[in-house]
Amino acid sequence: MIILDPVFEILAIIVDIYFKIVVVQVALQWLIHFKILEVSNKYAQKTVELLDKATTPVYNIIKSKIKTEYANIDFAPFAILLVLYFLSRMIISIRLSIAG
């Protein structure tokens, strides 16, 4: 159905953007942890706050369902990335099967 094609395209874009947000958030956290990036930098601080607002609610949902912390490492971002990758592949698969 040609009508559903834009819907699947928009869903794919949303999943892709959120995937990138999680990757950037994880990278920034690592840079801060290893003291490559200082939190006192106002641009870094605002970026971290913005990314935390976008990711923390989803992390909390995952953390309430499964234990994600092992050896003081939080694996919730990686669980989210796996789910997003699965959703992306599923959207592509559905879109291709409908297109025929």
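Since this is a predicted model, take the numbers as computed values, not measurements.
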[X] and [Y]: same hydrophobic cluster, using ILVMFWY side-chain contacts below 4.5 Å?
{"X": "Val23", "Y": "Val83", "value": "yes"}
{"X": "Ile17", "Y": "Leu28", "value": "yes"}
{"X": "Val24", "Y": "Ile32", "value": "yes"}
{"X": "Val39", "Y": "Val48", "value": "yes"}
{"X": "Tyr59", "Y": "Phe86", "value": "yes"}

Measuring only between side-chain heavy atoms, which start at C-beta, is [X] closer than 4.5 Å to [Y]?
{"X": "Ile94", "Y": "Met90", "answer": "yes"}
{"X": "Phe19", "Y": "Ser88", "answer": "no"}
{"X": "Ile98", "Y": "Phe8", "answer": "yes"}
{"X": "Gln29", "Y": "Phe34", "answer": "no"}
{"X": "Asp74", "Y": "Lys63", "answer": "yes"}
{"X": "Ile21", "Y": "Leu51", "answer": "yes"}
{"X": "Val15", "Y": "Tyr85", "answer": "no"}
{"X": "Ile80", "Y": "Tyr18", "answer": "yes"}

**Item:** All side-chain contact (heavy atoms from CB on, under 4.5 Å) counterparts of Tyr43, not counting sequence neighbours
**Value:**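 Counting only residues at least two positions away or on another chain, Tyr43 forms a side-chain contact (heavy atoms from CB on, under 4.5 Å) with Asn41.
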**Request:** State whether Arg95 and Glu9 are salt-bridged, where the test is any N-O pair (Lys NZ or Arg NE/NH1/NH2 against Asp/Glu carboxylate O) under 4.0 Å.
**Result:** yes
Nearest-0.5 Å distance that lies between atom [atom1] in [X] and atom [atom2] in [Y]:
{"X": "Thr56", "Y": "Glu49", "atom1": "OG1", "atom2": "CD", "answer": "11.0 Å"}
{"X": "Thr47", "Y": "Asp52", "atom1": "OG1", "atom2": "CG", "answer": "10.5 Å"}
{"X": "Leu87", "Y": "Ile14", "atom1": "CG", "atom2": "CD1", "answer": "11.5 Å"}
{"X": "Phe75", "Y": "Ile73", "atom1": "CZ", "atom2": "CD1", "answer": "5.0 Å"}
{"X": "Gln45", "Y": "Leu37", "atom1": "CD", "atom2": "CG", "answer": "11.0 Å"}

**Asked** What is the minimum heavy-atom distance between Pro77 and Val22, and which atoms define it?
**Response**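 Looking at all heavy atoms of both residues, the closest pair is O-CG1, 3.9 Å.
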